[in-house]
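Structure, as structure tokens:
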Number of protein chains: 2
Amino acid sequence: MSVFPQKVRIVEVGARDGLQNEKAVTTADKVALINALAAAGLKDIEAGAFVSPKWVPQMADSADVISALNLPDVNLSALTPNLKGAQAAHAAGIKEFAIFTAASESFCQKNINCSIEQSIERFSDVMEFAKAHNIKVRGYVSCVLGCPYEGEIDPQAVLYVSQKLLALGCYEISLGDTIGVGTAKKVTELLTLLLQHIDKSQLAVHFHDTYGQALTNIYAALNLGIATVDAAVAGLGGCPYAKGASGNVATEDVVYLLQGLGIKHAIDLQRLSDAGWQITKALGKQPVSKVSIALHAK
Amino acid sequence: MSVFPQKVRIVEVGARDGLQNEKAVTTADKVALINALAAAGLKDIEAGAFVSPKWVPQMADSADVISALNLPDVNLSALTPNLKGAQAAHAAGIKEFAIFTAASESFCQKNINCSIEQSIERFSDVMEFAKAHNIKVRGYVSCVLGCPYEGEIDPQAVLYVSQKLLALGCYEISLGDTIGVGTAKKVTELLTLLLQHIDKSQLAVHFHDTYGQALTNIYAALNLGIATVDAAVAGLGGCPYAKGASGNVATEDVVYLLQGLGIKHAIDLQRLSDAGWQITKALGKQPVSKVSIALHAK
């Protein structure tokens, strides 16, 4: 039986997960983007990452970006992989942290140089710091529907990691199909398992559109009552495992889907589309959003 | 309750509905495309249109294209809007005709200069000719989920036209979201109505990806047991109502979806993708298929 949610909360990840995988833009471009996203009605915006600029030069100015924002009604979050990052994010005014691990051992090893277990242990000081400062923490689990190194991922592994992160104190788990290989059947199977153990209010989906399946996968997730969806304006961000391939699902396309399903979202599609054209102009490309291109062509 | 079909038949429309909305390519390019599609396992290929070259110059060489093909195992079809077209298609060796009308009066008037009723009456000689020569006829109904002139379309109008075409002798109705505005809820509502009156074996879906919803809409249709899907390799064909916007859903993306759902289809995805790269090279563009781009980037 379908149990579509009445309302969906979109977590806009374009300014972080998106721009992290694009060429660098100026601090002013990022500030303008986040202000435009807020003006379009987005209430949850991932605004940066407090990571080593050696590894992610695109996010080196996250403190400056966040300090330049004045959006009291918006929940601005940032990736904080360690205590140093968490402290810097807090100093910049961030009210929500995000931590990141994987459902794949190989991916975890290659990406963050440790086992899944160790990655979770390493977050304990970030979690303590967050608790002491009344900061919410979101947990990302990547490779939930497939891994570039291991291929298939056991849904039980996703359940295990998700429960660990919740036990650690995360308020929500964002389930990431990092390489965009999943299809609706796998999404349904994975979520059906997770929902036997985790309340749907604690789960979000984060799909990449590498194989064009993201929107269909979101539809399958909505069909099971999932009410939080990550998306990136203009489909920002490519796929590091397939050059030239698509990145995050475009927020515009998700909003169009929600409108069609009669699900509330509170976002102004035209302003959102304009924000996408603005940032892609700075990147010297066009939005990777069919909705945005169709609206623009009209 | 979901009733996914075990097997799906894909009707490949790239060489007609696709190329009709692209710049002209050579007869040799078309022949090579259709041969490559057949080699990839496609058994139903729309190969041309017998229409006035004044209106559709891209299809002026349909007779030459079809005469150059030798594909006894493939069901080659062609658009035959009138008796003259039907006779020419038959002479070229076509074994299946396709006729075309709309669920929108305004669209019908603007596109084929007559009312829906008249458009159906006009097909009676084509139908007679087909019957006399033992040729199957497929009926296209366009604008089933929205019209560029009227906006919303009443599902009852779609039912009415579909039943008329079936009564006329069509073996199957291809339901076209010509401007790609539909979403999964509308698809579900429309098909739920139609399936109360028409057997699912007589219905096919034909979705355009203008707003990125085509694959999700196909998923919704499969979920109701629809087992025939129109698609165009490389997402050929743009949208005449929004320049630069997407055209037909890409066959590669549909095949990837079917694979993920465990639905049989008999198509070799790599060969299909190669066929798409070949024809888009002739068009001076890239495939509009995320699957094809991701496979190529690997």
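Below, read A as the first sequence line, B as the second, and so on, with proteins coming before strands; counting in each chain starts at 1.
Within the 4.5 Å cutoff, side-chain heavy atoms of A/Y256 are placed close to those of B/T183. Contact of the B/K290 side chain with the A/D209 side chain is registered, since non-hydrogen atoms from C-beta on lie closer than 4.5 Å.
Of all residues in residues 153-160 of chain B, none places a non-hydrogen atom less than 4.5 angstrom from a non-hydrogen atom of chain A.
Taking A/V288, A/L257, A/L295, A/I293 one by one and counting their heavy-atom pairs under 4.5 Å with chain B, the maximum is reached by A/L257. Top candidate by heavy-atom pairs under 4.5 Å with chain A, chosen from B/K185, B/K186, B/H296, B/Q286, is B/K185. Of the residues considered (B/V181, B/I218, B/N217), B/V181 shows the highest number of contacts with chain A, using heavy-atom pairs under 4.5 Å.
Enclosure of atom CD in B/Q6 is not indicated, since only 12 or fewer non-hydrogen atoms of other residues, nucleotides or ligands lie within 6.0 angstrom. Under a cut-off of 6.0 angstrom, the local environment of CD in B/E152 is sparse, with at most 12 non-hydrogen atoms contributed by other residues, nucleotides or ligands. Taking a 6.0 Å sphere around NZ of B/K285, one finds it holds more than 12 heavy atoms contributed by other residues, nucleotides or ligands. Around CZ of A/R9, the count of heavy atoms belonging to other residues, nucleotides or ligands within 6.0 Å exceeds 12.
Looking at A/T216, the atoms closer than 4.5 Å to chain B (heavy atoms on both sides) sit in the backbone and in the side chain alike. Of the atoms belonging to A/T188, it is side-chain heavy atoms, and not backbone ones, that fall under 4.5 Å from chain B.
Within the model, atoms NZ of A/K298 and OG1 of B/T210 stand 10.0 Å from one another, a figure rounded to the nearest 0.5 Å.
Relative ring orientation between A/Y219 and B/Y219 is described as perpendicular, the plane-to-plane angle rising above 60° on a 0-90° scale split at 30° and 60°.
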